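So the structure is just underneath, and the comments pick up after that.
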Number of protein chains: 2
Amino acid sequence: MTELEKGPTGRRRGRGARERILSASQQLFREQGINRTGMDQLCAAAQVSKRTAYQHFTGKDELVAEYLRRFDPSVLSGVFDRTDLTPRERLLAAFDIPPTTPLCPYIGAAVELHDPQHPASQYARDYKKAVAARLADTAREAGAADPEQLGEQLALLIDGAAARTRVLNADAFPTAAAIAAVLIDNAIPTSSPRQPSDDRGTTGSAPVPVGGQ
Amino acid sequence: MTELEKGPTGRRRGRGARERILSASQQLFREQGINRTGMDQLCAAAQVSKRTAYQHFTGKDELVAEYLRRFDPSVLSGVFDRTDLTPRERLLAAFDIPPTTPLCPYIGAAVELHDPQHPASQYARDYKKAVAARLADTAREAGAADPEQLGEQLALLIDGAAARTRVLNADAFPTAAAIAAVLIDNAIPTSSPRQPSDDRGTTGSAPVPVGGQ
DNA sequence: CCGTAAGCACACAGAACGGTGTACATAACA
DNA sequence: TGTTATGTACACCGTTCTGTGTGCTTACGG
């Protein structure tokens with residue numbers, strides 16, 4: 001699509017072989033899963049010869065690990081760096097992004113690869129810990145009594161919503177957000193208790209914008 | 001192990017070929033995952049010829065679906081049928097069983113198979129809905145204001161703990177149980193508010209009895 | 001004693017997988 | 001102009017996967 005310099009024989013080296021591979025990974029690994037996406041298909045989608053792919057990555061494992069490392073900026077930073085929100089609002093905003101994220105690739109990778117020692121699994125672990133830490137930081141900023149506990153709890157809610165969305169094929173994040181609101185109100189004493197009228201539709205009857213297929 | 005009638009050539013037809021196949025499935029699918037367990041290995045573990053396996057099941061897909069249907073009695077009924085507990089205690093007891101369950105095969109199957117139309121995925125969906133319904137029933141029995149909401153919330157906590165346990169390789173159910181206690185106390189007005197000293201170790205520093213390797 | 005159902009052993013087909021080897025083409029730079 | 005990265009095209013290797021085909025063996029009921 002993007003016009004790249006290319007030779008008459010179909011050569012496309014707009015200095016983006018690696019980028020195209022990773023870009024195709026993002027799409028295919030999430031649409032089809034990691035195991036069900038072969039290197040042949042991936043290279044075809046990236047418009048890159050298989051030989052080139054294996055000159056950029058020593059193997060599929062390394063490619064998968066590298067693929068996982070490309071989500072931070074959009075998801076993690078995108079929420080926590082919003083200075084226009086109060087810490088408390090930032091904590092709740094973490095439950096509003098996932099419509100963009102159909103599946104949570106970290107959980108998917110950990111389950112599909114099934115080897116805790118796999119580089120991608122290790123990164124998924126590190127990432128989830130980092131998210132919990134960021135949540136804890138924000139919770140501390142918001143004045144929570146036990147920020148670490150609240151951060152871990154909110155992280156669990158996010159993962160629960162992701163997993164449940166996947167299994168039920170229905171958006172579970174509103175439910176998680178409702179729980180989060182309760183936990184935050186309970187954990188931040190100075191915060192105004194607000195009216196407990198935040199009970200939105202929690203029974204999973206959402207119109208499933210989850211993406212898969 | 002169990003003494004079966006067997007002929008001199010190693011024949012074992014104690015009327016349990018199908019049982020042995022499903023039994024081996026339970027072990028291997030959970031230890032190694034579904035995709036990483038080949039039919040050859042599975043048949044070898046079940047001490048069943050491959051030919052026999054394919055006479056009992058039309059294919060691996062059917063076997064996987066049937067394998068998933070063998071968890072209800074132990075997990076679901078085991079908790080909800082305990083009449084020695086109050087409804088409220090039963091809700092909390094749902095967070096104590098998972099040490100037995102290393103991974104939650106339903107989530108695993110949904111992620112691994114990656115096809116919402118797969119029979120096993122459909123059953124996983126049904127099962128998760130059934131669990132939420134059972135939780136809702138118990139919540140209603142316990143006098144919760146909005147039983148459906150509480151049931152869905154507790155179900156999300158269980159799934160979150162399962163997913164997070166998997167990714168972090170550390171038991172996340174204590175955290176989920178702590179959240180559950182808060183939610184239950186908030187949702188059941190008549191229930192004594194109790195001292196809020198239920199904050200056990202929620203930062204995932206548990207010694208990982210999760211099972212996987 | 002004989003028929004039938006159930007099972008076994010084993011080879012094999014066909015496909016997909018990850019990964020490589022080889023020969024050729026182009027772009028950029030000297 | 002020539003060299004060196006970088007990439008392509010495509011065949012290919014070995015492995016693993018689901019699934020079959022075939023022939024033989026056993027248990028059991030009449």
Side-chain angles (χ1 to χ4, degrees), chain A residues 2-25 28-29 32-67 109 112-115 118-120, chain B residues 2-25 28-29 32-67 109 112-115 118-120:
Chain A
T2 59
E3 303 228 354
L4 297 166
E5 325 155 15
K6 60 168 62 177
T9 54
R11 180 79 164 296
R12 297 163 205 81
R13 46 179 308 282
R15 263 197 62 267
R18 198 187 174 95
E19 304 311 313
R20 285 204 306 279
I21 294 171
L22 287 168
S23 170
S25 301
L28 292 178
F29 285 162
Q32 311 179 336
I34 295 171
N35 290 331
R36 301 186 119 71
T37 301
M39 290 298 285
D40 287 303
Q41 184 194 1
L42 198 149
C43 292
Q47 286 180 295
V48 157
S49 88
K50 221 161 103 178
R51 209 70 193 78
T52 302
Y54 279 98
Q55 269 154 7
H56 282 283
F57 304 94
T58 68
K60 194 183 182 185
D61 287 346
E62 186 183 303
L63 171 59
V64 171
E66 195 57 31
Y67 137 81
E112 280 204 85
L113 302 175
H114 213 273
D115 174 15
H118 191 291
Chain B
T2 58
E3 303 231 354
L4 297 164
E5 326 156 15
K6 59 168 62 178
T9 56
R11 179 77 165 296
R12 296 162 205 83
R13 44 179 309 283
R15 260 196 63 270
R18 200 188 174 92
E19 304 311 314
R20 284 204 306 279
I21 295 171
L22 287 169
S23 170
S25 302
L28 292 178
F29 284 161
Q32 310 179 337
I34 295 172
N35 290 330
R36 301 187 120 69
T37 301
M39 291 298 284
D40 287 303
Q41 183 194 1
L42 197 148
C43 292
Q47 286 181 295
V48 157
S49 89
K50 221 160 95 175
R51 208 72 192 78
T52 302
Y54 278 97
Q55 269 153 9
H56 281 284
F57 304 94
T58 69
K60 193 183 181 182
D61 287 347
E62 185 183 303
L63 171 59
V64 171
E66 194 58 31
Y67 137 81
E112 280 204 85
L113 303 175
H114 214 271
D115 174 16
H118 191 292

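All chains are named by letter (A, B, ...) in the order of the sequence lines, taking the proteins before the strands, and each is independently numbered beginning at 1. From a predicted model like this one, the values you see are computed outputs, not experimental measurements.
For the pair L42(A) CG and dG19(C) P, the interatomic distance rounds to 12 Å; values are reported in whole Å. Straight-line distance from the NZ atom of K50(B) to the C1' atom of dT22(D): 15 Å, rounded to whole Å. Counting to the nearest Å, the P atom of dT6(D) and the CZ atom of R20(A) are 15 Å from each other. One atom, CG of D61(B), and another, P of dC17(D), lie 16 Å apart when rounded to the nearest Å. The separation between H118(A) atom NE2 and dG18(C) atom P is 11 Å, rounded to whole Å. What separates CG of D40(A) from P of dT8(D) is a distance of 14 Å, to the nearest Å. The distance from atom CD of Q55(A) to atom P of dT22(C) is 14 Å, rounded to the nearest whole Å. To the nearest angstrom, P of dA16(C) lies 16 Å from CG of N35(B).
The residue among Q41(A) and T58(A) whose nearest nucleotide of DNA chain C is located toward the 5' end is Q41(A).
Distances were taken from every side-chain heavy atom of R51(A) (C-beta onward) to each of dT18(D), dG21(C), dG18(C); the shortest belongs to dG21(C). The side chain of Y54(B) sits closest to dT20(D) out of dG7(C), dG19(C), dT20(D).
Under the 3.5 Å distance criterion, the side-chain polar atoms of K60(B) are left unmatched by any main-chain donor or acceptor of G38(B).
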Taking it one step at a time, do E19(A) and S23(A) satisfy side chain to side chain donor-acceptor pair (under 3.5 Å)? CA-CA 6 Å; E19(A) 304 311 313; S23(A) 170; over 6 Å; no
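Taking 4.0 angstrom as the limit, T52(A) places a side-chain polar atom (N or O) nearer than this to OP1 or OP2 of dT8(D). In this model, the phosphate group of dG7(C) is approached by a side-chain N or O of H56(B) to a distance below 4.0 Å at OP1 or OP2.
Taking 3.5 Å as the limit, the base of dG19(D) and the side chain of K60(B) contain no donor-acceptor pair of atoms between them.
For the atom pair CD1 of I34(B) and NE2 of H114(A), the computed distance is 9.0 Å after rounding to the nearest 0.5 Å. To the nearest 0.5 Å, atom OG of residue S25(B) and atom CZ of residue F57(B) are 6.5 Å apart.
For the pair R36(B) and F29(B), the cation does not sit on the ring face, since its NZ or CZ is not both under 6.0 Å from the ring centre and inside 45° of the axis.
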